[in-house]
Amino acid sequence: MALDAGWARRWVAESAAAIAAARDDLTELDRQIGDGDHGANLDRGFRAVVAKLEATPAPDGEAEQVGAVLKLVATTLMSTVGGASGPLYGTAFLRASKAASREALDVSSVVALLEAALEGIEARGHATPGEKTMVDAWQPAVEAAAATGGDDPVAVLRAAADAADAGSTATIPLVATKGRASYLGERSAGHEDPGARSTALLLRAAVSAADADDGA
Amino acid sequence: MALDAGWARRWVAESAAAIAAARDDLTELDRQIGDGDHGANLDRGFRAVVAKLEATPAPDGEAEQVGAVLKLVATTLMSTVGGASGPLYGTAFLRASKAASREALDVSSVVALLEAALEGIEARGHATPGEKTMVDAWQPAVEAAAATGGDDPVAVLRAAADAADAGSTATIPLVATKGRASYLGERSAGHEDPGARSTALLLRAAVSAADADDGA
Amino acid sequence: MKKLLDDPENAVADSLAGFAAAHADLVEVRGLDGAQPLFVTRAAGAVPGKVGLVSGGGSGHEPLHAGFVGDGMLDAAVPGAVFTSPTPDQIAPALQAADTGRGVLAIVKNYTGDVLNFETAVELAEAEDVEVATVVVNDDVAVEDSLYTAGRRGVAGTVAVEKIAGAAAARGDDLAAVTAVAQRVIDNVRTMGVALAACTVPHVGKPSFDLGDDEIEVGIGIHGEPGRHRVPAATASEVTRLLLEPVADDLGLQAGERVLLFVNGMGGTPLSELYVVYGRARSLLEQRGVTVARSLVGDYVTSLEMQGASVTVLRLDDELERLWDAPVRTPALHW
Amino acid sequence: MKKLLDDPENAVADSLAGFAAAHADLVEVRGLDGAQPLFVTRAAGAVPGKVGLVSGGGSGHEPLHAGFVGDGMLDAAVPGAVFTSPTPDQIAPALQAADTGRGVLAIVKNYTGDVLNFETAVELAEAEDVEVATVVVNDDVAVEDSLYTAGRRGVAGTVAVEKIAGAAAARGDDLAAVTAVAQRVIDNVRTMGVALAACTVPHVGKPSFDLGDDEIEVGIGIHGEPGRHRVPAATASEVTRLLLEPVADDLGLQAGERVLLFVNGMGGTPLSELYVVYGRARSLLEQRGVTVARSLVGDYVTSLEMQGASVTVLRLDDELERLWDAPVRTPALHW
Ligand SMILES: Nc1ncnc2c1ncn2[C@@H]1O[C@H](COP(=O)(O)OP(=O)(O)O)[C@@H](O)[C@H]1O
Ligand SMILES: Nc1ncnc2c1ncn2[C@@H]1O[C@H](COP(=O)(O)OP(=O)(O)O)[C@@H](O)[C@H]1O
Ligand SMILES: [Mg+2]
Ligand SMILES: [Mg+2]
Ligand SMILES: [Mg+2]
Ligand SMILES: [Mg+2]
């Protein structure tokens, strides 16, 4: 299966479905250490992205670039999510779109896409690993992706998703020093970071989007 | 035992104690069909009356009149209770004090005292029997008192207290057409009127005050 | 019960002490020491040559009435215990303090307790040669008005009576004229309220009524009394209709008329929700061809921390509109 | 959850529609149809020759910010979803609308979301040749300020920043001067808040945190976030001390200084209780030899229907006092 624009569109659809399904769980995580809106924020954003993509069909005749899809994701998230996660995911997808201005992604461009996303978040949020933010899911994902090797880009995605998942779980004991959860100080420990969890869901959706293609 | 000024002062003390003990019950009755303050209103008032009486000892040398004590009760209730019951009880005691301007009450002056109190309430509150107010305790009390006969004024008081008690209980099925409970319309039925209940308590306290003297 | 109070029995005095300190430029609170009767006057005292305006009633409805003492509105306010009318020995000196020789209008909400205590106080003041006229506000359409009941309650419409009568007094009207304009407001104002959750009187310590998780109480008063009926929780549109229709019907509003629309919060409802109700009520009025010419939205006549709101409509004419617009400078109303 | 709302997802727009209708003389709400970005401006538009003032943030804090649009205060306000900062595509056009050539000051509360979205919007507006300066309000002493955290939150002190910067802009100050005075307010204002009961975000449907019947949450923010610590319910005097002392200490208040004391309700607390807290806070300040020269008491920066309050102290000087006193004419602040 190719990680092409069709995959990117399926990624969006799978993401929207995953976020909608996890909306209440994400909200509950954010209720514990934030303000309880992360699920609603992302759900609003990804529903808007789906609508936007439906209204923007692939160009007739010429092949659509992966980056073109991701750029639409970026601008739509930026203008509909709000909160901290809106500009952060927006920047992540914007940088990723630049790294993905091609018709299909190979192993190295998957790694580059993930790296660009992480760099975008770190730059925008002035965050570093260990601060109990979405960076703690993106950073191990990038590391795992880079370490995968081989020539199967989906395997790279899968390694990234697995690592993001583990990274998100690993935020539980951390004390937050960035974002709203930092206001709680020590009381933030013992809860999973909602942004890290949503990151894990989005990367898992990227894998499902590729697998769905596989099965078809 | 004589129903003299000493009795009147004990009546006040017994009333204050009875109201304090029933404060929460009266409040609960008023919460059901009014605004939940009847217990607090009367408790505030009778505590003030007790303080006022302590600060106003019986006149040296000459005998104190029953009416003088009742007048102090009237003015103090009027200036401390507020709400509907303040002016109503205030007027009741004011009229009663006029009917009791003597050193000790005989049967006919007990009846006159109760009649004056009832008339005061009816005049002030424009209320008639059957409207689910304190009138429904005072009115049977007056009737029973007038019907008692004999020459024991305490027996008259006791008959009045018994009738007030029964009269208060008999307010339960009534639909209120006066006072705050009238706002509830049909929903006021099924609850005892708090002012009728406090009337029964006050008349019962008058009997205890006489009995206490008896025992002493 | 959790409240930001010290001794619940002292709640009214403690609150008024803070109020007096915060608004010392506008008001003065007399009798806080307990040695004298408790009431609130303007900081600068009564205005010579002006008809005095006094209102009062139980506490727990803040900013009513003390928050409306000042230029263009009340000269004095008399606060009772929470939800309990004040006593004649508080009211009478307030009436006297408001008098500068042109008489005083007493604005009384229609509750047995308020009416009786004011009645007595007026007698006392008249004995001191103060001329007093009284109007009784009874705007609550939730209660049936009949010769054989205590009649309708006075609720949020009181603000309009106090504002407009205050403006009439400020422009120099005599007692008869101020009384007439106050009565004209009373005749043309109606209100209906709803509670989503009850309130808790400090010295009682438990909610004034019990309401299920998906019930609301329609036709409530402002003393935590239960309402006329209990209905399932509903949308703002549905609830607003339940409030607005009886108000408009009772007023007999006709297409082409102009009104003041006042959505009042009961204390525990966010301003944002009051604006939703306002928007819905306005649409319903517009559907009837009625023009909303003036508006007021906020917590003005509350019931402690009760969650809920009331909708008030006042039929306007040119004069009432001018008097409503006249300058006012009080702690709670200012323009 | 019982609220006076229709569709919870439309709560913000529904409320703003009512707000726009009720205050059409003062404000205009753009984008209610959803076709354009949503923001609030003055009815009469930006004032030529005046520095523009724009603020914004999540909804649910009403009357903040939209209630402060008008003469002497903001030129535009940008409301996000409930407790969620607005997006750059709303903020950027609001900045443009507020600009008449002398530049715009953006007043941002210190939350990651607000800061990031405003940052992006400022870039967009600058690309359209609007000169924008930004100040970040961070008055909440409940949060430790450190280089390694998101820093202190912006809470009730925002009202003072908007009022005083608004007055500076109104008297003709240039962008640098308005920015400097806003920053001076920020440097001299501190707040701390307490919750007695949490609030419920409409589209979430359950309380933002769970609090026992005899616990209170000290050091809360205005987004229903849990606070720094939970303590047993206490009297107003004790609670006020917990709020006032850290505020005064952090400001380093000295005897002889003059301050503005602002007691802010979180939405579900009766005004009467706010006055009790005000009285206690004022006494504590006076014990320190500090003079309370100006006061504000009421619900200005709320957290939906949260029960609770915050205490804000602003160190005054002659100029800040004059700017605070300058006329203001907005839906929520008027003198
Ligand atoms: N400075 C930051 N850098 C990286 N991620 C951050 C930062 N601040 C917050 N986040 C992420 O954003 C998530 C919260 O997003 P969301 O709830 O949508 O926004 P808000 O906190 O404004 O309500 C957090 O769980 C965290 O993962
Ligand atoms: N018009 C009236 N005539 C006689 N009694 C009345 C009248 N109105 C009220 N009451 C009595 O007053 C009682 C309520 O007193 P209280 O609760 O102290 O005052 P409020 O109703 O002002 O809160 C009622 O239970 C009733 O017995
Ligand atoms: Mg959040
Ligand atoms: Mg009562
Ligand atoms: Mg009462
Ligand atoms: Mg948020």
Side-chain angles (χ1 to χ4, degrees), chain A residues 23-24 26-28 30-45 47-48 74-91 94 121 123-128 130-134 175-188 191 195, chain D residues 8-9 37 57-60 79-92 111-121 140 142-144 146-153 198-210 219-230 303:
Chain A
R23 179 184 157 128
D24 289 351
L26 293 172
T27 288
E28 185 56 31
D30 199 29
R31 208 174 74 94
Q32 296 296 332
I33 57 170
D35 59 350
D37 61 358
H38 190 57
N41 289 348
L42 288 190
D43 190 28
R44 183 174 55 245
R47 276 189 286 129
T75 54
T76 308
L77 290 182
M78 224 174 283
S79 69
T80 55
V81 173
S85 58
L88 290 169
Y89 275 127
T91 307
L94 196 66
I121 291 166
R124 220 16 335 153
H126 307 286
T128 52
E131 299 194 292
K132 197 178 185 110
T133 69
M134 55 173 70
V175 171
T177 54
K178 278 282 172 345
R180 231 170 253 291
S182 70
Y183 304 142
L184 284 181
E186 301 289 333
R187 280 171 81 185
S188 64
H191 302 278
Chain D
E9 303 282 340
S59 292
V82 173
F83 292 173
T84 301
S85 80
T87 57
D89 63 323
Q90 290 173 267
I91 303 169
Y111 299 95
T112 307
D114 292 58
V115 170
L116 296 184
N117 285 288
F118 265 88
E119 250 173 43
T120 310
D140 188 351
V143 172
E144 264 167 58
S146 124
L147 274 181
Y148 307 104
T149 69
R152 292 194 312 240
R153 296 175 288 222
C199 57
T200 300
V201 175
H203 59 255
V204 174
K206 56 178 176 172
S208 58
F209 52 86
D210 306 307
I220 45 121
I222 54 171
H223 297 87
E225 314 95 318
R228 259 335 255 236
H229 46 271
R230 197 162 278 198
S303 195

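Being a predicted model, the structure only gives us computed values, none of them experimental. Just so you know, these numbers use all the heavy atoms, side chains as well, and skip hydrogens, waters and symmetry mates. Per chain, numbering begins at 1; letters A, B, ... match sequence-line order.
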Checklist entry - Looking at Gly39(A), Gly125(A), Gly83(A), Gly86(A), which has the largest count of heavy-atom pairs under 4.5 Å with chain D? => result Gly83(A)
Next on the checklist: Under 4.5 Å from any heavy atom of chain A, what part of Gln90(D) do you find: side chain, backbone, both or neither?
Outcome noted: neither
Next on the checklist: Applying side-chain contact (heavy atoms from CB on, under 4.5 Å) to Leu42(A) and Tyr89(A), what does each step give before you reach the verdict?
Outcome noted: CA-CA 10 Å; Leu42(A) 288 190; Tyr89(A) 275 127; 3.8 Å; yes
Checklist outcome for this item: If you tally heavy-atom pairs under 4.5 Å between each of Gly36(A), Gly179(A), Ala181(A) and chain D, the highest tally belongs to Gly179(A)
Checklist entry - Between Arg44(A) and Thr84(D), is a side-chain contact (heavy atoms from CB on, under 4.5 Å) present by the stated rule, with each step listed? => result CA-CA 12 Å; Arg44(A) 183 174 55 245; Thr84(D) 301; 3.8 Å; yes
Checklist entry - Which one, Pro207(D), Gly80(D), Gly205(D), leads in non-hydrogen pairs under 4.5 Å with chain A? => result Pro207(D)
Next on the checklist: I'd like to check Tyr111(D) versus Ile222(D) (side-chain heavy atoms, cut-off strictly below 4.5 Å). Are they in contact?
Outcome noted: yes
Item to check | Carboxylate-amine/guanidinium proximity below 4.0 Å for Asp210(D) and Arg230(D) | outcome: no
Item to check | Residue pair Glu119(D), Arg124(A): steps toward the salt bridge (charged side-chain N to carboxylate O under 4.0 Å, His left out) verdict | outcome: CA-CA 10 Å; Glu119(D) 250 173 43; Arg124(A) 220 16 335 153; 3.1 Å; yes
Checklist entry - Checking heavy atoms, do the side chain of Phe83(D), its backbone, both or neither come under 4.5 Å from chain A? => result both
Checklist entry - Glu28(A), His126(A), Met78(A), Glu186(A): which one forms the most heavy-atom pairs within less than 4.5 Å of chain D? => result Met78(A)
Checklist outcome for this item: Scanning both residues in full, the closest heavy-atom pair of Pro87(A) with Leu116(D) reads CG-CB, 3.5 Å
Checklist entry - chain D heavy atoms under 4.5 Å from Ser79(A): which part of the residue, side chain, backbone, both or neither? => result both
Next on the checklist: Would Val81(A) and Thr87(D) count as a side-chain contact (heavy atoms from CB on, under 4.5 Å) here? Give the steps.
Outcome noted: CA-CA 7 Å; Val81(A) 173; Thr87(D) 57; 5.9 Å; no
Item to check | Side chain / backbone / both / neither for Thr80(A) at chain D, heavy atoms under 4.5 Å | outcome: backbone
Checklist entry - Tell me, side chain or backbone of Gln32(A) under 4.5 Å from chain D's heavy atoms, or both, or neither? => result backbone
Next on the checklist: So for Arg31(A), is it side chain, backbone, both, or neither that comes closer than 4.5 Å to the heavy atoms of chain D?
Outcome noted: both
